[in-house]
Amino acid sequence: MRQRLINRRPERRVGVFLAALPFVLLLIAYSLGSDARLAENPSDKLLPSFSSIGDAIERMAFTENKRTGEILLWVDTSASLIRFVSGLLIATLVGGFFGIITGLLPYMRASLGTFFSVLSVIPPLAILPILFIVLGLGETSKIALIVLGIAPFIIRDMILRVEEIPSELMVKAQTLGASTWQIAWRVVVPQMLPRLIDALRLSLGAAWLFLIAAEAIASQSGLGYRIFLMRRYLSMDVILPYVAWITFLAFFIDWCLLKLQQKAFPWFAASRSG
Amino acid sequence: MPKLTKILSLAMAAIVAVTMVTTPAAAEKKESFKLAWSIYVGWMPWGWASDQGIVKKWADKYDIEIEVVQFNDYIESINQYTVGAFDGVTATNMDTLAIPSVGGVDTTALIVGDFSNGNDAIILKDKSELTDIEGQTVNLVELSVSHYLLARALESIGKSEKDVSVVNTSDADLVGAYQTDDVTAVVTWNPLVAEIAAMPGANKVFDSSDIPGEIIDLTVVNTEVLEANPDFGKALVGAWYETMAIMASDTPEGAAARAAMGEASGTDLAGYDMQLASTQMFYDPAAAVEFAKSDGLTDTMEAVRTFLFDHGLMGDGAPSADIVGIEFSDGTILGDENNVKFRFDYEFMAGAVAAE
């Protein structure tokens with residue numbers, strides 16, 4: 001009998017080929033478009049050739065800047081990563097703490113549940129001026145924007161996940177004589193930690209978005225700062241490598257979180273694939 | 001593998017489609033044109049002229065169509081022009097040189113609309129002298145005419161950009177930013193200047209009237225399109241100066257036009273007239289022609305291209321600011337005469353003088 005489509009799996013080599021195919025097609029499309037535009041106008045900036053992108057990478061990532069003596073890509077990357085990681089850490093701590101206590105305690109849920117639901121739908125970019133005047137234009141407001149952007153999502157996700165804990169588990173802990181504190185610390189928190197990583201991974205995209213938005217508004221360095229500055233002069237030869245670099249960083253951070261989850265909570269990965 | 005071939009051919013079709021879309025149209029005789037403009041005191045007439053049917057009237061006269069499109073984002077409008085989506089755009093002399101001209105798009109300044117005569121300013125908080133700016137953090141839109149104004153101001157007191165620390169700040173957030181404690185110096189343009197200058201402790205210490213005629217607001221068009229279709233240029237110039245005549249007139253009609261332009265830019269007649277007061281408008285085409293012919297323009301473009309070159313905006317690996325040629329209306333060329341990409345041409349405006 002013919003195998004069903006849902007059971008047919010590509011061999012390893014075919015798999016690699018299929019994974020590479022969309023990227024290769026994208027590159028071919030780019031180079032055709034770029035060649036066509038450069039034939040019309042050799043100075044075209046919209047779709048620069050691979051060699052001018054190469055020059056831009058050389059200039060931004062490996063050569064000291066003439067005016068500042070710094071290597072711009074690294075300056076931008078470290079400035080952005082410090083903001084990004086601080087924002088993620090704070091959002092995780094805040095989100096994990098409030099999410100768990102709100103999900104666990106009916107009184108907290110009664111008072112804060114609706115508040116967090118409302119908070120999570122306020123677009124943080126719309127209240128930026130308030131953020132500036134309260135926190136200033138420096139690093140604090142950029143980190144705060146990331147936290148405000150993703151913490152409400154993490155909180156709501158944690159509340160839902162706490163509610164999903166099988167009631168048998170809670171009842172059992174109580175019949176064994178556990179106090180609220182013991183249940184929280186010994187049952188709920190261990191269950192929630194790997195799920196917190198899940199929530200964090202799902203927030204990464206939004207966190208990048210808020211980081212770049214914050215850097216576009218007022219800054220002296222950062223990946224988003226450079227992209228918006230270069231956009232003023234349509235320097236796509238710099239912007240495209242920066243976008244590729246951001247994509248790589250985001251992918252890498254996501255991968256690190258996945259590995260952390262697998263290493264620290266092997267039981268969770270096992271239960272999921274089950 | 002028939003399936004794979006099918007997928008591949010579909011993908012190729014998509015690629016071809018993408019390529020077609022992104023290829024700029026070659027210059028040829030054509031009948032419909034697109035002009036992009038953005039909100040700024042000196043460019044509001046385009047929106048009004050379009051609403052009033054003045055642009056259409058002139059386009060009909062030459063049997064062509066002109067679509068006038070408003071952009072909310074100034075830089076995006078220039079970028080769209082540069083990639084070939086528009087035949088003309090409103091831009092300053094500096095941005096025209098740095099974006100389309102350096103980007104290889106041969107561009108002609110068809111209409112010299114005005115120059116900033118106080119519309120761009122440096123504002124210090126609680127300090128009243130330009131020399132106080134030394135050592136301060138300055139918030140501005142980096143690489144914009146504000147940045148140019150700062151460079152010229154620092155030059156005038158024998159300082160350079162090394163003596164201050166520049167923070168790139170979006171124009172949309174400058175007014176809010178000024179109200180925070182850590183912002184003590186800003187450079188921006190109207191209507192933001194008026195808004196910030198009205199706040200406590202704000203002092204204008206330098207403005208564009210200190211460098212008159214250097215920040216010029218133009219309506220520029222693609223040179224190849226203009227050469228193949230002079231009617232496009234004639235229609236634009238005709239519509240512009242008809243609008244200028246109405247706007248400048250001291251009649252209820254003129255006041256109504258200015259009030260409508262003010263409203264469209266988020267203010268009212270009084271607010272708009274105040275912005276016009278710090279703008280040297282060329283209502284009369286003869287004055288614009290005279291300005292386009294003047295020697296001062298060459299000095300201005302020299303200062304502008306030096307600023308752009310110092311900031312790496314004349315292209316990567318450019319050995320000097322000479323890489324792009326700028327042709328003035330008397331035929332003299334600044335920079336590479338084999339690579340002229342920016343032209344000041346007063347002939348169309350002179351046509352409007354003759355028509356009067």
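Naming: A, B, ... by sequence-line order, numbering from 1 per chain.
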For this session: Output yes when B:Arg152 and B:Asp120 qualify as a salt bridge under the 4.0 Å nitrogen-oxygen rule, no when they do not.
Result: no
Exercise. Hey, are A:Asp76 and A:Tyr242 close enough side-chain-wise for a donor-acceptor pair under 3.5 Å?
Worked result: yes
For this session: Verify whether one side chain among B:His147 and B:Glu161 offers a donor that lies under 3.5 Å from an acceptor in the other.
Result: yes
Exercise. Between B:Ser146 and B:Thr188, does any side-chain donor sit less than 3.5 Å from a side-chain acceptor?
Worked result: no
Problem set entry | Under 4.5 Å from a heavy atom of chain A, the part of B:Asp182 involved | side chain
Exercise. Among A:Met60, A:Met230, A:Arg59, A:Lys45, which residue meets the side chain to side chain contact (heavy atoms under 4.5 Å, CB included) test with A:Asp237?
Worked result: A:Arg59
For this session: Considering only heavy atoms and a distance below 4.5 Å, find which of B:Val105, B:Asp171, B:Thr137, B:Val166 pairs most often with chain A.
Result: B:Val166
Problem set entry | Winner by heavy-atom pair count (cut-off under 4.5 Å) against chain A, out of B:Ser144, B:Ala172, B:Gly103 | B:Gly103
Exercise. Using a cut-off of under 4.5 Å for heavy-atom pairs, which of B:Val175, B:Ile78, B:Asp95, B:Asp181 has the most such pairs with chain A?
Worked result: B:Asp95
Problem set entry | Part of B:Val141 within contact of chain A (heavy atom distance under 4.5 Å) | side chain
Problem set entry | Contact class of B:Ser165 relative to chain A, heavy atoms under 4.5 angstrom | both
For this session: Could you point out which residue of B:Phe33, B:Phe71, B:Trp37, B:Tyr81 forms a ring-ring contact (aromatic ring centres under 6.0 Å, His included) with B:Phe86?
Result: B:Phe71
Problem set entry | Carboxylate-amine/guanidinium contact A:Arg231 B:Glu76, below 4.0 Å | yes
Exercise. Checking heavy atoms, do the side chain of B:Ile99, its backbone, both or neither come under 4.5 Å from chain A?
Worked result: both
Problem set entry | Contact class of B:Asn339 relative to chain A, heavy atoms under 4.5 angstrom | neither
Problem set entry | Heavy-atom proximity to chain A below 4.5 Å, by part of B:Val183 | side chain
